[in-house]
Chemist: 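Shown below is the structure under consideration.
Chain identifiers are assigned alphabetically (A, B, ...) following the order of the sequence lines, protein sequences preceding nucleic acid strands; residue numbering begins at 1 within each chain. No hydrogens, no waters, no symmetry mates; every other heavy atom, side chains included, goes into these values.
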Number of protein chains: 2
Amino acid sequence: MEELKNILKMHNISPSLHRLKILEYIHRPYTHSTADEIFQALEKDIPTLSKTTVYNTLKTFEKNGIISALSIFENETRYEFKKQEHAHFKCEKCGEIFDIAHPFDFLKETELEGHFIKNQLIYLKGICRNCLQKTENA
Amino acid sequence: MEELKNILKMHNISPSLHRLKILEYIHRPYTHSTADEIFQALEKDIPTLSKTTVYNTLKTFEKNGIISALSIFENETRYEFKKQEHAHFKCEKCGEIFDIAHPFDFLKETELEGHFIKNQLIYLKGICRNCLQKTENA
DNA sequence: TTACATGTTTGCAATCATTACAAATTTATA
DNA sequence: TATAAATTTGTAATGATTGCAAACATGTAA
């Protein structure tokens, strides 16, 4: 919790309870949460929490580079704690999302067909290892 | 126009006027259109056109593999005629979207961290060649 | 040609994620 | 303690998309 507080302070965001709780939720490993998911999870602890606050806070975090917003999952925006760059894999069967350490760093800060590439986003789809195993055993 | 008709027929979709017009619009090179954009463009020619028809038609085309839906551009879904796989580049300055012939085919139909990869989606951001040139000349 | 079944299109209402905004509340500061 | 500033809330608005039932068009068989 102290660590989270420091993250906020380092980004000049005052660590209010709500902000800390939201950050805590996103900070758990392998989360790719929607605003609604976060809201529903925290509502229990903080009954006065408003969804607008969740949206506001997520926007603040994103602006300050603490989290990343992923627009690649159909209509809902998903948020994750910013960390080393990686690809995202979504299983077509179970819908689970996995982070994948990806080997495409050679693209960053380079030129492609005359355009200067700053960022890359890689999204993979297929069948995840869990679902593959289930099929084998069936 | 005959070509478009054949595309529909080959996918067992009867080539009604509306469907042909919508397909024609998407078939133009380098389009990454939203449903609304298509609707507004065709409304002039087909005054009775309804937006629901545009959505219905796009969904039909997508199901039949004629077009691809891109969810990566913030909130709006964009559609493009299905063709050879490629990456998408969006310019941070002018917002224009470019297709990029991409060199990542090695990923397809392969395995990564235990998951079976079927599809990949690559999204790049940066400054496009046009905007770069403008900056140089300024 | 008519009548019916089928497929297509329409228009409107509903949904869902997100944002705008102003009021209420809390916190920090003088 | 009073006041300013920041934070949070609640509600209404927006915008993309979907559901649905009615209207319309088309093809087919009698």
Chemist: How are the rings of A:F89 and A:F98 set relative to one another: parallel (under 30°), tilted (30 to 60°) or perpendicular (over 60°)?
Modeler: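 If you compare the ring of A:F89 with that of A:F98, the planes turn out tilted.
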Chemist: Using a side-chain heavy atom cutoff under 4.5 Å and only I, L, V, M, F, W and Y, what cluster partners does A:I127 have?
Modeler: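 When side chains under 4.5 Å apart are linked, the cluster holding A:I127 also contains A:L132, B:F116.
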Chemist: Which pairs would a plain distance check flag for residues 60-67 of chain B, meaning a side-chain donor or acceptor within less than 3.5 Å of a matching protein atom at least two apart in sequence or in another chain?
Modeler:
| from | atom 1 | to | atom 2 | distance (Å) |
| --- | --- | --- | --- | --- |
| B:T60 | OG1 | B:N56 | O | 2.9 |
| B:N64 | ND2 | B:T60 | O | 2.8 |

Chemist: With sequence neighbours excluded, tell me which residues meet side-chain hydrogen bond (donor to acceptor under 3.5 Å, both in side chains) with A:H27.
Modeler: none
Chemist: The criterion is side-chain hydrogen bond (donor to acceptor under 3.5 Å, both in side chains); which residues satisfy it with B:E24, sequence neighbours excluded?
Modeler: none
Chemist: Okay, side chain of A:T77, backbone of A:A69: is any donor-acceptor separation there less than 3.5 Å?
Modeler: no
Chemist: Strictly by side chain to side chain donor-acceptor pair (under 3.5 Å), give each pair with a member in residues 1-19 of chain A just once, sequence neighbours left out.
Modeler: A:S14-A:R19
Chemist: Given the ring of B:Y30, does B:R28 sit roughly above its face, with NZ or CZ under 6.0 Å from the centre of the six-membered ring and within 45° of the axis?
Modeler: no
Chemist: Mind checking side-chain contact (heavy atoms from CB on, under 4.5 Å) for A:K125 and listing every partner two or more places apart, or none if nothing turns up?
Modeler: A:E92, A:Y123, B:N119
Chemist: Under 3.5 Å, which donor-acceptor pairs link side chains of residues 35-50 of chain B to any protein atom two or more places apart or in another chain?
Modeler:
| from | atom 1 | to | atom 2 | distance (Å) |
| --- | --- | --- | --- | --- |
| B:D36 | OD1 | B:K51 | NZ | 2.5 |
| B:D36 | OD2 | B:Q40 | NE2 | 2.9 |
| B:S50 | OG | B:T52 | N | 3.1 |

Chemist: How does protein contact run along nucleotides 5-21 of chain D, one letter per nucleotide 5' to 3', with B for base contact, S for sugar-phosphate only, - for none, heavy atoms under 4.0 Å?
Modeler: --SSBBB----SBBBB-
Chemist: Going 5' to 3' through nucleotides 23-30 of chain C, assign each nucleotide B (protein heavy atom under 4.0 Å from a base atom), S (under 4.0 Å only from sugar-phosphate atoms) or - (no protein heavy atom that close).
Modeler: --------
Chemist: Please tabulate, one pair per line, each protein N/O and nucleotide N/O from nucleotides 25-27 of chain D that are separated by under 3.5 Å, including the distance.
Modeler:
none

Chemist: Between P on C:dT10 and CD on B:E43, what's the gap in Å once rounded to a whole number?
Modeler: 11 Å
